[in-house]
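Along the sequence shown, the residues carry numbers beginning at 1. In listed order, ligands and their atoms are each counted from 1.
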Amino acid sequence: MSTIKIHDKEFTPYITDQEIQEKIQLLAQQLKKDYGNKKPLFLSILNGSFLFTADLFKYLDFEAEVCFVKLASYKGVSSTGNVITAIGLDTNLNDRHVIILEDIIDTGKTLHHFLPQLQSQQLASLKIAVLLNKKEALAYPIKVDYDCFEIPNKFVVGYGLDYDGLGRNSKDIYQLKED
Ligand code: 5GP
Ligand code: MG
């Protein structure tokens, strides 16, 4: 793997496809232990989580459902203001064991603004699973229950994550190159 350029910025190889797949398989095994007989509902947050969700779902060998919600809170390389729900939730979550799937948790702002929208329904349980956890950037009271990787507070792209629309279609994850 070598450095790639997206728009005006250079990115260096950071996490390989193989490492990602191994971690997602381990997560699938853990989820089977925790949810194997609970028929959970995975709530995938678009756009960034689409590859993570697809791969994880293929590794789940027990009954599970998935649905997708679109929220947007990100422009460029730093977290911005408003969280907007573009595609609403039309699935009944009452009495369901729900697991939110996020590509990455940074400040926690996106989920902090989204979670209250679930409170009108009586979930059986709610947990959060993320591919990438920028633990040191967390600024909102969000508890991450499952993560595949803890990463430092640096901008990354690939495997579903974009830089201004591009870079999602990379099997590997890249990190913004320091100047
Ligand atoms: P938070 O609301 O936790 O600050 O940010 C969550 C969202 O910001 C993620 O779902 C993702 O869309 C975006 N985000 C945060 N950090 C990064 C990053 O390093 N790279 C990319 N491409 N998106 C990020
Ligand atoms: Mg996202």
Side-chain angles (χ1 to χ4, degrees), residues 1-17 19-21 23-24 27 41-57 66-89 98-119 126-179:
M1 286 206 290
S2 53
T3 299
I4 57 167
K5 191 165 184 198
I6 302 173
H7 296 299
D8 55 329
K9 299 204 186 304
E10 293 212 69
F11 294 85
T12 51
Y14 183 51
I15 306 174
T16 65
D17 173 36
E19 291 170 316
I20 295 167
Q21 296 302 322
K23 289 284 189 176
I24 294 177
L27 175 60
L41 174 67
F42 289 88
L43 194 57
S44 172
I45 311 293
L46 295 170
N47 290 329
S49 302
F50 74 109
L51 291 181
F52 172 45
T53 302
D55 282 338
L56 175 66
F57 216 66
V66 63
C67 68
F68 295 87
V69 176
K70 185 169 181 178
L71 318 167
S73 72
Y74 223 76
K75 287 255 163 15
V77 294
S78 72
S79 223
T80 57
N82 304 326
V83 177
I84 305 147
T85 309
I87 299 173
L89 253 181
V98 175
I99 304 147
I100 291 180
L101 295 180
E102 260 281 39
D103 50 352
I104 187 165
I105 184 156
D106 184 9
T107 64
K109 183 173 183 165
T110 309
L111 289 181
H112 181 72
H113 283 90
F114 172 61
L115 294 184
Q117 294 183 39
L118 301 178
Q119 276 167 5
L126 177 64
K127 290 208 170 165
I128 297 171
V130 303
L131 179 72
L132 305 171
N133 189 358
K134 281 189 181 173
K135 228 175 173 178
E136 58 199 40
L138 194 68
Y140 290 81
I142 292 290
K143 182 172 168 276
V144 176
D145 301 287
Y146 305 95
D147 62 24
C148 293
F149 299 94
E150 281 182 19
I151 64 167
N153 193 7
K154 291 182 184 168
F155 191 77
V156 291
V157 295
Y159 193 70
L161 292 113
D162 72 309
Y163 168 44
D164 276 348
L166 297 182
R168 295 192 198 274
N169 54 325
S170 163
K171 287 191 173 74
D172 309 297
I173 292 174
Y174 290 78
Q175 191 178 60
L176 182 63
K177 196 173 175 180
E178 307 285 346
D179 292 320

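Within the 3.5 Å criterion, the main-chain N or O of Glu19 finds a donor-acceptor partner in the side chain of Thr16. The closest donor-acceptor contact from the side chain of Asp145 to the backbone of Ile128 lies under 3.5 Å.
Ligand 1 has at least one atom lying under 4.0 Å from a heavy atom of Phe155. Residue His112 places no heavy atom under 4.0 Å from ligand 1. Distances from ligand 1 to the non-hydrogen atoms of Gly48 include no value under 4.0 Å.
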Residues Leu132, Tyr159; criterion side-chain contact (heavy atoms from CB on, under 4.5 Å); working and verdict: CA-CA 11 Å; Leu132 305 171; Tyr159 193 70; over 6 Å; no

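Side chains of Phe42 and Thr53 form no contact here, defined as non-hydrogen atoms less than 4.5 Å apart. Inter-residue side-chain proximity for Tyr163 and Leu176 is flagged as unmet; no heavy-atom pair is nearer than 4.5 Å.
Rounding to the nearest 0.5 angstrom, the gap separating the CG atom in Leu161 from the CG atom in Leu166 is 13.5 Å.
Shortest non-hydrogen contact noted between Phe149 and Ile15 is CZ-CG2, 3.6 Å. Closest of all the heavy-atom pairs between Lys134 and Ile104 is CE-CD1, 3.7 Å.
At under 3.5 Å, a nitrogen or oxygen of Val156, whether backbone or side chain, sits near a nitrogen or oxygen of ligand 1. Geometrically, ligand 1 and Asp162 share a nitrogen or oxygen pair separated by less than 3.5 Å.
Only the side chain of Asp103 comes within 4.0 Å of ligand 1, judged by heavy-atom distances.
In the candidate list His113, Lys154, Lys134, Gln175, Lys134 is nearest to atom 16 (N) of ligand 1, counting heavy atoms. Between atom 4 (O) of ligand 1 and the options Thr107, Asn153, Asn133, the minimum heavy-atom separation is to Thr107.
Taking a cut-off of under 4.0 Å to the non-hydrogen atoms of Glu102, the atoms of ligand 1 that pass are 10 (O). In summary, the atoms of ligand 1 found under 4.0 Å from a heavy atom of Gly108, numbered by their order in the structure, are 1 (P), 3 (O), 4 (O). Close approach of ligand 1 to Lys109 (heavy-atom distance below 4.0 Å) involves ligand atoms 1 (P), 2 (O), 3 (O).
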